[in-house]
Amino acid sequence: MLSSLSIKNYALIDELLVNFNQGFTIITGETGAGKSILLGGLSLILGKRADLSSLKNKDKKCVIEAVFNIESYQLENLFKAEDLDFESQTIIRREILPSGKSRAFVNDTPVNLSSLQLLGKHLIDVHSQNQTMQLVDDDFQFQIIDALANNKGHLEKYQTELNGFKKLKKELKELYHLQAEALKEQDYNIFLLKELTEANLVDGELETLEEEYETLNNMEEIQEKLTHSHQLLQEEDLGILSMLTQLKNTLQKLSTYSSTYLNLYTRVNSSLIDLDDTFSEIETLQENLDADPKRLEVVNGKLQTLHNLMQKHVAENVSELIRIKTELIEKVSASENLEESILQKQKEIEAIAKKLDTISESIHKNRQKTIPKLTKELERILNDLGMPNAQFKIEVALLKEYLHNGKDQLSFLFSANKGGQFNELKKAASGGELARIMLAIKSILSKYIQLPTIMFDEIDTGVSGEIANKMADIMQDMSKAMQVFAITHLPQIAAKGHTHFKVYKEDVDEVTTTNLVKLSPDDRIVEIAQMLGGIEVSSSAMAHAKELLN
């Protein structure tokens with residue numbers, strides 16, 4: 001509920017602070033007294049855009065602040081989603097600076113207008129004859145039916161399952177896309193993988209093959225050099241081994257004379273042993289050396305294959321080719337597994353679709369059971385409000401597709417006259433009739449769900465007598481469950497309020513200012529008497545006013 005409203009430097013208002021109570025609050029005042037200014041200031045709190053024309057004094061900022069008691073509104077999740085601190089006593093402040101810039105705060109946290117508008121929808125419903133288009137909106141019509149049908153729990157379950165259903169459908173679509181892309185590349189990937197597999201890749205193999213190729217490709221030169229080396233080492237008398245043996249024998253005779261000669265002998269002997277081993281190895285190499293043109297061809301072919309693959313895959317070595325092969329195996333495997341993933345996802349979607357169908361059926365049945373009750377109650381209230389021939393034809397039909405609130409298509413038709421054709425509300429009802437229908441609907445809803453504060457702005461226009469009295473009874477009855485404001489010109493409605501405020505203008509130092517004052521019981525009698533008979537209050541008007549208030 002709206003607990004208090006403070007307005008500074010707005011339109012014709014210098015400074016205004018007013019506290020409000022729960023129940024039915026009346027606001028009256030002469031035409032042009034500034035009731036629209038009050039609503040304009042309140043609309044800024046609800047997120048309406050502002051400009052410099054809002055400022056009374058163009059050199060000062062305009063500040064409008066409202067305090068709401070929202071403890072029972074269950075708005076914690078909304079506050080969390082908007083990253084705001086939840087307070088049961090929430091303060092909304094709007095500032096318009098002389099520069100034209102506007103700022104908004106919720107519990108001292110800066111917010112943008114979209115957040116303010118979103119929150120405002122849950123706090124105050126300003127309703128006038130010109131603001132009845134909500135009636136023709138499907139979502140609002142479903143809200144009416146579902147409130148009476150007690151569908152809240154079913155709708156919450158449905159929404160949870162629908163979110164999961166949409167998520168799975170999105171994932172399935174992505175799998176189909178991946179499958180389509182994979183099919184385009186699959187043949188080529190299989191071909192590449194086959195090439196790499198047939199190459200029998202071995203890490204480090206390239207270096208080994210290159211050494212073998214160099215050996216096989218230079219066989220004659222190797223044979224020639226080995227033979228020459230063998231001759232140098234083994235040639236009789238002049239061979240290195242023969243001469244080194246003579247040197248060793250010579251030094252051996254000296255080795256007994258001193259350690260210096262012994263050291264020389266040891267070093268020569270060691271060299272002789274090494275050379276002898278080298279000679280044996282050269283002989284072995286000569287024996288094993290065999291020109292093999294076929295093997296050379298095989299090695300050359302393998303090297304060519306590896307180099308071609310490395311060039312093709314932009315790889316620096318065989319190790320990288322092995323990594324690429326592993327990736328191709330995964331791609332080919334993943335592509336082959338996509339079909340299985342798609343089938344699994346389809347099963348999950350079918351399972352959740354069955355749940356949605358079951359919940360939708362429950363929602364549909366509850367709506368069907370509720371519609372006759374809603375129709376009867378609406379027609380009863382409208383009969384009291386001077387529309388005795390008002391009739392509704394409300395039907396729901398199950399569709400195949402999943403909508404945001406079930407699978408129902410809603411037909412909400414109205415006829416205002418006997419024998420008249422049923423048609424959509426916006427085509428079948430006048431502005432005054434729509435206003436009374438909205439009043440009837442809001443009065444029914446107030447018994448089933450927690451509605452925000454509602455402000456009826458002269459919806460009684462064109463209404464008088466007993467119908468006005470019935471409208472007042474409805475608003476007063478609604479105020480038992482919620483806070484209700486009525487801006488009215490009718491004394492029958494004004495008399496039914498629990499609290500009564502008057503908007504008035506006064507001239508101070510040749511400057512016109514709008515004010516709002518709470519009327520005392522005596523002032524209230526005078527105000528209603530003036531509404532009955534004009535500024536000059538007669539005794540009969542006073543008596544009538546007292547009668548209405550009693």
Side-chain angles (χ1 to χ4, degrees), residues 1-2 18 20-36 38-39 42 124-132 380-387 431-446 451 453-504 516-535 537 541-550:
M1 62 168 277
L2 176 62
V18 58
F20 299 109
N21 298 320
Q22 182 65 277
F24 189 22
T25 299
I26 298 295
I27 298 176
T28 60
E30 294 180 9
T31 300
K35 297 186 293 294
S36 61
L38 191 68
L39 283 175
L42 195 58
I124 296 184
D125 177 9
V126 179
H127 179 66
S128 68
Q129 277 204 23
N130 298 324
Q131 294 168 311
T132 52
R380 181 191 68 77
I381 295 172
L382 291 175
N383 181 63
D384 291 341
L385 294 178
M387 297 172 65
E433 287 169 337
L434 282 173
R436 279 179 269 180
I437 293 170
M438 179 62 94
L439 177 60
I441 285 171
K442 290 291 174 75
S443 70
I444 293 171
L445 280 176
S446 67
L451 292 173
T453 293
I454 191 166
M455 187 168 288
F456 291 108
D457 178 21
E458 299 184 1
I459 67 160
D460 49 33
T461 301
V463 174
S464 60
E466 186 57 28
I467 294 174
N469 202 44
K470 290 290 185 181
M471 291 180 83
D473 286 338
I474 290 172
M475 287 187 273
Q476 189 182 60
D477 187 53
M478 288 174 67
S479 72
K480 294 174 183 177
M482 59 185 292
Q483 187 183 38
V484 179
F485 287 84
I487 297 174
T488 183
H489 287 291
L490 296 182
Q492 294 93 334
I493 291 177
K496 292 289 177 74
H498 303 126
T499 311
H500 192 152
F501 289 89
K502 181 178 180 178
V503 179
Y504 66 96
L516 181 70
V517 63
K518 183 178 179 181
L519 299 181
S520 67
D522 289 340
D523 291 335
R524 195 173 180 195
I525 294 170
V526 175
E527 174 70 7
I528 292 175
Q530 289 178 337
M531 294 173 75
L532 286 163
I535 298 297
V537 178
M542 290 289 286
H544 193 184
K546 289 178 182 178
E547 184 182 347
L548 283 174
L549 286 165
N550 289 331

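Quick note: numbers below take in every heavy atom, side chains included, and nothing from hydrogens, waters or symmetry partners. Quick caveat: nothing in here was measured; it's all calculated off a predicted structure.
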Check step by step if side chain to side chain contact (heavy atoms under 4.5 Å, CB included) holds for I381 and S443. CA-CA 9 Å; I381 295 172; S443 70; 3.6 Å; yes
Find out whether M471 and I459 are in side-chain contact, i.e. whether some heavy atom of one side chain is under 4.5 Å from a heavy atom of the other. yes
Just verifying a value: how many Å separate D384 CG and E466 CD, rounded to the nearest 0.5 Å? 9.0 Å
Criterion side-chain contact (heavy atoms from CB on, under 4.5 Å) against D473, the qualifying member of Q492, M478, K496: K496
Taking the side chain as every heavy atom from C-beta outward, state whether V484 and T25 have any pair of such atoms under 4.5 Å apart. no
Distance only, no hydrogens: is a donor on one side chain within 3.5 Å (strictly under) of an acceptor on the other, for T28 and H500? yes
Does any part of the side chain of M455, heavy atoms only, come nearer than 4.5 Å to the side chain of L39, both counted from C-beta? yes
Are the side chains of L548 and P491 in touch, meaning some heavy atoms are under 4.5 Å apart? yes
Results of ring-ring contact (aromatic ring centres under 6.0 Å, His included) for F501 - residues two or more places apart only: F20
Could you tell me which non-hydrogen atom of M542 sits nearest to which non-hydrogen atom of A529, and how far apart they are? SD-CB, 3.8 Å
Contact summary for G23 and S479, nearest pair of heavy atoms: C-CB, 3.4 Å
May I ask you to test the M475-F456 pair for a side-chain heavy-atom distance under 4.5 Å? yes
Distance col, row E433:CD vs M387:CE, nearest 0.5 angstrom, shows 4.0 Å
Could you tell me whether the side chain of I474 reaches within less than 4.5 Å of the side chain of L385, counting heavy atoms only? yes
Output all residues satisfying ring-ring contact (aromatic ring centres under 6.0 Å, His included) with F24, sequence neighbours left out; order by chain, then residue number. none
For S446 and A481, work out which heavy atoms get closest and say how close. O-CB, 3.7 Å
Would you check if K518 and V18 make a side-chain contact, meaning some heavy-atom pair closer than 4.5 Å? no
Nearest heavy-atom contact between K35 and I27 is CD-O, 4.4 Å
Salt bridge (charged side-chain N to carboxylate O under 4.0 Å, His left out) contacts touching residues 519-533 (sequence neighbours left out): K502-E527
CD1/I487 to CD1/I493 distance, rounded to the nearest 0.5 angstrom? 12.0 Å
Could you go through L42 and I124, starting from their C-alpha distance and side-chain angles, then the distance that decides it, and tell me whether this counts as side chain to side chain contact (heavy atoms under 4.5 Å, CB included)? CA-CA 9 Å; L42 195 58; I124 296 184; 3.8 Å; yes
dist L382:CG -> I441:CD1 (nearest 0.5 Å) comes out at 8.0 Å
Side chain of Q22, backbone of Q483: donor and acceptor closer than 3.5 Å? yes
Output the distance between atom CD1 (I454) and atom CG (D457), rounded to the nearest 0.5 Å. 11.5 Å
Within the 4.5 Å heavy-atom criterion, are T499 and I26 side-chain neighbours or not? no
Might you confirm whether atom CD of Q476 has over 12 heavy atoms from other residues, nucleotides or ligands at distances under 6.0 Å? yes
Just how far is it from atom CD1 of I528 to atom CD1 of I525, taken to the nearest 0.5 Å? 8.0 Å
Can you give me the closest heavy-atom contact between L516 and Y504, atom names plus distance? N-CE2, 4.4 Å
